[in-house]
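Numbers here are sequence positions counted from 1.
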Amino acid sequence: MTNLATVREQKSNESTPVHIQDRQLARRLAIQALFEVDSVDHRPGDVIDARLANPEPNENGDDPEVVVSDEAADFLRFLVAGVIKNREALDTIIARYAPEWPVDQLAIIDRNVLRLALFEIGCRELHTPSKVVINEAVELAKRFGSDNSPRFVNGVLGAALHDAQRKPF
C-alpha cells in the first residue's frame, strides 16, 4: 500500500484549491479503477497505471491533456489499495446498512462509491472530514451512477457513519 507521508507533509495545505482538486481527481480516478477491477477483474496496478496515463479519455480519441500531480497519484494508489485490501470488511458494513440489497447485486458504481467512501472515512491514516467524504461520494454517484444512486449512497453512508468513524481500517 502506498505510504501517505507526502500527503501528511502537505496537511497544512488541505484547504488550498489545488489540494482539493487533487483529492477530487484521485477519487474520480479511483472510482473508475475500482469499477474496472470489480467488473472485469483486471489487475489493480495495471488499471491505475492506465488511468494515470490517460485520466480523461473520451469517445472521439482527442483526449484532453490532464496533469495528475504526484499527490493525486499517491492518493489514488492509496485509496484503491485500501479498498481492495479491506473489501470484505467494507462489504460487511454495506450489507449491515443496506440489508435489502445483497452487496454483489448492487450496481457496480454504487457498490464501489460506498466502498471508497467508507474506506476513506474509516481509515486511521486519513483525516478528511466525514461530511466532505459523503459529499464527494454523492457527487461521484451523480456523475457515474443512476438517477437513484446519489440518494442511495447518501442514505447508506449516513446510516453507516458511526461504524466507519471508529476507524477500523
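Separation of atoms CZ (Arg51) and CD1 (Ile48) is listed at 11.0 Å; rounding is to 0.5 Å. A distance of 10.0 Å separates OG in Ser146 from CD1 in Ile109, rounded to the nearest 0.5 Å. Residue Arg166 holds its CZ atom at 9.5 Å from CD1 of Ile93, rounded to the nearest 0.5 Å.
Salt bridge absent: Arg43 and Glu36 never bring a charged side-chain N and a carboxylate O closer than 4.0 Å. Under a 4.0 Å N-O distance rule, the pair Glu120/Arg27 qualifies as a salt bridge.
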Practice problem: Evaluate side chain to side chain contact (heavy atoms under 4.5 Å, CB included) for Val103 paired with Arg115, printing each intermediate quantity in order. | Solution: CA-CA 10 Å; Val103 176; Arg115 287 172 176 163; 4.2 Å; yes
Quiz item: Are Asp110 and Asn148 close enough, and set up right, to give a side chain to side chain contact (heavy atoms under 4.5 Å, CB included), and what steps lead you there?
Solution: CA-CA 10 Å; Asp110 296 353; Asn148 296 325; over 6 Å; no
Practice problem: Begin from the C-alpha positions of Lys131 and Glu136 and carry the test salt bridge (Lys or Arg N to Asp or Glu O under 4.0 Å) through to its verdict. | Solution: CA-CA 9 Å; Lys131 182 177 178 179; Glu136 289 290 325; over 6 Å; no
Practice problem: Report the C-alpha separation of Leu126 and Phe78 in whole Å, then their side-chain angles, then the decisive distance to 0.1 Å, and conclude whether the side chain to side chain contact (heavy atoms under 4.5 Å, CB included) test is met. | Solution: CA-CA 10 Å; Leu126 298 175; Phe78 181 81; 3.8 Å; yes
Exercise. Using the side chain to side chain contact (heavy atoms under 4.5 Å, CB included) rule, take Leu34 and Ile84 through it: C-alpha gap first, then chi angles, then the decisive distance, then the call.
Key: CA-CA 8 Å; Leu34 290 167; Ile84 289 170; 4.2 Å; yes
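Counting non-hydrogen atoms of neighbouring residues, nucleotides and ligands closer than 6.0 angstrom, the CZ atom of Arg151 reaches no more than 12 such neighbours. At most 12 heavy atoms of other shown residues, nucleotides or ligands fall within 6.0 angstrom of atom CG in Asp147.
Using a 4.5 Å heavy-atom cutoff, the side chains of Arg143 and Ile31 are not in contact. The shortest distance between side-chain heavy atoms of Gln165 and Ser130 falls below 4.5 Å. Looking only at side-chain heavy atoms (C-beta outward), Phe169 and Arg124 stay at 4.5 Å or farther from each other. Contact annotation: the side chain of Lys85 never approaches that of Phe119 to less than 4.5 Å [non-hydrogen atoms, C-beta and beyond]. Residues Leu116 and Val133 fail the side-chain proximity criterion, which asks for heavy atoms closer than 4.5 Å. In this structure, the side chains of Ile94 and Leu106 come closer than 4.5 Å at one or more pairs of heavy atoms. The shortest side-chain heavy-atom distance between Phe75 and Asp22 does not fall under the 4.5 Å cut-off. Looking at heavy atoms from C-beta onward, Val47 lies out of side-chain contact with Gln32 at the 4.5 angstrom threshold.
Minimum heavy-atom separation, Ala73 to Leu52: CB-CD2, 3.9 Å. The minimum heavy-atom distance linking Val113 with Ala137 is given by the pair CG1-O, 3.4 Å. Considering every non-hydrogen atom in both Tyr97 and Ala160, the closest pair reads CD1-CB, 3.5 Å. In plain terms, the two heavy atoms of Ala117 and Leu157 that are nearest each other are CB-CD1, 3.7 Å. Nearest heavy atom pair, residue Leu29 against residue Pro55, reads CD2-O, 3.6 Å. Annotation for Ala164 and Leu118: closest pair CB-CD2, 3.9 Å, computed over non-hydrogen atoms.
Counting only distance, with no hydrogens or angles, the side chain of Asn154 and the backbone of Pro150 share no donor-acceptor pair below 3.5 Å. A donor-acceptor distance shorter than 3.5 angstrom exists from the side chain of Lys167 to the backbone of Ile121, with no hydrogens or angles considered. With hydrogens and angles disregarded, a donor-acceptor distance shorter than 3.5 Å links the side chain of Arg111 to the backbone of Asp104.
Using the six-membered ring where Trp is involved, Trp101 and Phe152 have ring planes that are perpendicular, over 60° apart on the 30 and 60° scheme.
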